[in-house]
Amino acid sequence: MLMSKALFDQMPEKDVVAFNAMIDGFVKSENIGSGRELFDEMPERNIVSWTTLIDGYCKIGDLAGARTLFDAMPAKNLVSWNAIIGGYCQNKQPNEALKLFREMQSNSSFQPDDVTIVSVLPAIADLGAVAFGGWVQKYVRRKKLDRASNVCTALIDMFAKCGEVEKAKQFFDSVPDRETSCWNAMINGFAVNGHAKEALEVFMEMLQEGVKPNEVTIIGVLSACNHGGLVEEAQKWFKAMGDYGISPRIDHYGCMVDILGRAGRLEEAEELIRSMPYEANGIILSSFLFACGRHGDVEKAERVVKKAFEIEPWNDGNYVIMRNLYAKERRWRNVEEIEGLMRRNKARKEVGCSSIEIGSDVWEFVAGDRGHPHWKLMNWVMEQLQLHMKGDDDPLLA
DNA sequence: TTAGGGTTAG
């Protein structure tokens with residue numbers, strides 16, 4: 001980067017393209033400040049200069065900065081719309097993303113392309129806005145965007161994350177040339193919806209068709225086994241990874257620790273943590289602690305808890321597990337110790353948040369937010385949903 | 001000769 005800046009400074013005549021390339025260089029090396037400075041020094045700017053900088057602000061999570069530029073730019077094109085919409089999607093502001101997606105269609109001459117679709121689908125999944133997702137699917141078909149593999153993958157993923165596995169499978173079956181990522185989305189889609197058997201069936205079909213699995217595939221397979229309590233099946237595929245040229249990453253070990261732990265096979269889980277070629281991270285330790293909590297094993301919990309607190313002092317779950325383990329054994333001094341540590345480290349529960357699609361609107365609800373205008377109605381909806389899940393009559397469909 | 005994108009455990 002220093003080298004290219006030196007070269008850039010020596011250029012006798014710098015054109016817009018040179019400036020843009022330099023700004024992009026700064027943005028990609030996470031030096032947005034220098035990029036911004038150069039942008040201010042430019043004698044003339046084009047759409048690319050603005051969009052490069054907007055993307056830079058999105059990548060560092062400064063959506064306000066990105067939005068200010070986006071609103072200020074004298075002319076926009078599809079790429080600049082995609083940059084800001086994608087920015088909101090990736091920074092988990094799905095409502096704002098979809099607002100802009102709609103605005104682009106009503107207030108500009110640009111129509112969503114494959115990039116727009118692929119960035120907006122995860123936002124739809126985040127909100128569980130399946131009706132909107134269905135509209136996107138029709139749009140994709142109409143515009144023949146379903147030839148792109150990443151569009152198909154994103155659609156399968158969206159349906160599955162909205163809980164519509166059948167729709168995901170139906171669409172998956174209609175895709176002619178399925179890349180590894182399509183299979184991954186389907187396997188994982190079944191897994192997250194608790195359909196272990198179906199996930200493994202799709203995986204077998206994938207192998208039979210000669211499609212090469214990758215590390216993401218195995219995460220999906222292990223996740224399916226975890227949901228189905230299939231410990232041996234998980235071990236089998238974990239060991240077989242090498243046969244497919246995949247070396248286990250730390251998150252594969254994490255899955256195995258979680259699977260073994262949930263099954264109460266704490267000794268094996270602990271041994272796996274000890275023997276794996278990675279330093280244990282916070283996720284693995286808290287998953288192991290969770291298993292110790294579930295199976296009432298204070299000793300094993302004590303062996304890792306110090307490190308877990310060290311890595312994730314803010315993780316309230318770890319304190320709660322430890323506190324409860326001690327409380328069960330009436331070790332009140334230890335209970336107090338944990339509670340004191342929790343206060344000192346300022347660990348506290350994050351608030352839960354959910355959303356629901358009603359007609360064409362998406363409402364977000366934060367747990368305990370009684371000031372929400374639709375709080376009473378939401379409570380009623382939750383009651384109806386509970387009845388629905390218990391299998392009683394279904395007033396929602398009445 | 002420059003800008004935007006999909007699948008990943010709890």
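To find a chain, count down the sequence lines: A is the first, B the second, and so on, and within it residues start at 1.
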- Below 3.5 Å, does any donor atom in the side chain of A/D258 face an acceptor in the base of B/dG10, or the other way round? no

- Please check the phosphate of B/dT8 (OP1 and OP2 only) for any side-chain N or O of A/K161 closer than 4.0 Å. yes

- Message: Distance check needed: B/dT7 P versus A/M186 CE, whole Å only.
- Response: 15 Å

- Query: From the list B/dT2, B/dT8, B/dA3, which nucleotide is the closest neighbour of the side chain of A/K28?
  - Reply: B/dA3

- Task: For A/N193 and B/dA9, give me the distance from atom CG to atom P, rounded to whole Å.
- Result: 13 Å

- Item | d(CG, A/L289; P, B/dG10) in whole Å | 17 Å

- Message: Without decimals, in angstroms, what is the distance between A/I218 CD1 and B/dA9 C1'?
- Response: 13 Å

- Task: Mind checking A/D113 for me? I need base, sugar-phosphate or nothing, with any heavy atom below 4.0 Å counting as a touch.
- Result: base

- Looking at every strand, decide which applies to A/Q90 at a 4.0 Å heavy-atom threshold: base, sugar-phosphate, or nothing. sugar-phosphate

- Rounded to whole Å, the CD-P distance (A/E179 to B/dT7) equals 14 Å

- Taking only the side-chain heavy atoms of A/R249 (C-beta and beyond), determine which of B/dT2, B/dT8, B/dT7 contains the nearest atom. B/dT8

- Can you find a side-chain donor-acceptor pair between A/N345 and A/Y319 that sits under 3.5 Å? yes

- Donor/acceptor link under 3.5 angstrom from A/N77 side chain onto base of B/dA3: yes

- Query: Which of these nucleotides, B/dA9, B/dT7, B/dA3, is closest to any side-chain atom of A/I47?
  - Reply: B/dA3

- Taking atom types as modelled, is there a side-chain donor on A/N150 or A/D114 under 3.5 Å from an acceptor on the other? no

- Item | Closest nucleotide among B/dA9, B/dG5, B/dT7 to the A/N150 side chain | B/dG5

- Taking B/dG5, B/dG10, B/dT2 as options, the one with an atom nearest any side-chain atom of A/N226 is B/dG10

- Message: Checking ring pair (Phe, Tyr, Trp, His ring centres under 6.0 Å) between A/F19 and each of A/W50, A/F8, A/F39, which is the one that passes?
- Response: A/F8

- Taking the side chain of A/V115 as its heavy atoms from C-beta onward, which of B/dG10, B/dA9, B/dG5 lies nearest to it? B/dG5

- With a 4.0 Å cut-off on heavy atoms, is A/I84 in touch with a base, just the backbone sugar-phosphate, or nothing at all? nothing

- Message: Checking contacts here: which listed nucleotide (B/dT8, B/dT2, B/dG5) is nearest the side-chain heavy atoms of A/A21?
- Response: B/dT2

- Answer yes if the side chains of A/R67 and A/Y57 hold a donor-acceptor pair under 3.5 Å, and no otherwise. no

- Measure centre to centre between the rings of A/F203 and A/W237, then say whether the value is under 6.0 Å. yes

- Query: Heavy atoms under 4.0 Å, any strand shown: does A/S80 hit a base, just sugar-phosphate, or nothing?
  - Reply: nothing

- What nucleic acid atoms does A/G254 come within less than 4.0 Å of, heavy atoms only: base, sugar-phosphate, or nothing? base

- Message: Listing request: all side chain to side chain donor-acceptor pair (under 3.5 Å) pairs with a residue in residues 130-145 of chain A, at least two apart in sequence or in separate chains.
- Response: A/Q111-A/K143

- So what does A/S223 hit on the nucleic acid, given a heavy-atom distance under 4.0 Å: a base, only sugar-phosphate, or nothing? sugar-phosphate

- Task: Using whole Å, report how far NE2 of A/H252 lies from C1' of B/dT7.
- Result: 12 Å

- Query: Out of B/dG10, B/dG5, B/dT2, which has the shortest distance to the side chain of A/V17?
  - Reply: B/dT2

- Polar side chain donor-acceptor pair, A/N184 to A/T217, under 3.5 angstrom: yes

- Candidates B/dG10, B/dA9, B/dA3 - which lies nearest the side chain of A/H227: B/dG10

- Message: Within residues 49-61 of chain A, which residues have any heavy atom lying less than 4.0 Å from an atom of DNA chain B?
- Response: A/T51, A/T52, A/D55, A/K59

- Message: From CE of A/M241 over to P of B/dA9, roughly how many Å is that when rounded to an integer?
- Response: 14 Å

- Item | A/D55 and A/T52: side chain donor to acceptor below 3.5 Å | no

- Among all residues two or more places apart in sequence or in another chain, which pass the side chain to side chain donor-acceptor pair (under 3.5 Å) test with A/E312? A/N315

- Spacing between A/M158 atom CE and B/dT7 atom P, to the nearest angstrom: 12 Å

- Item | Side chain of A/C255 - closest among B/dT2, B/dA9, B/dG5 | B/dA9

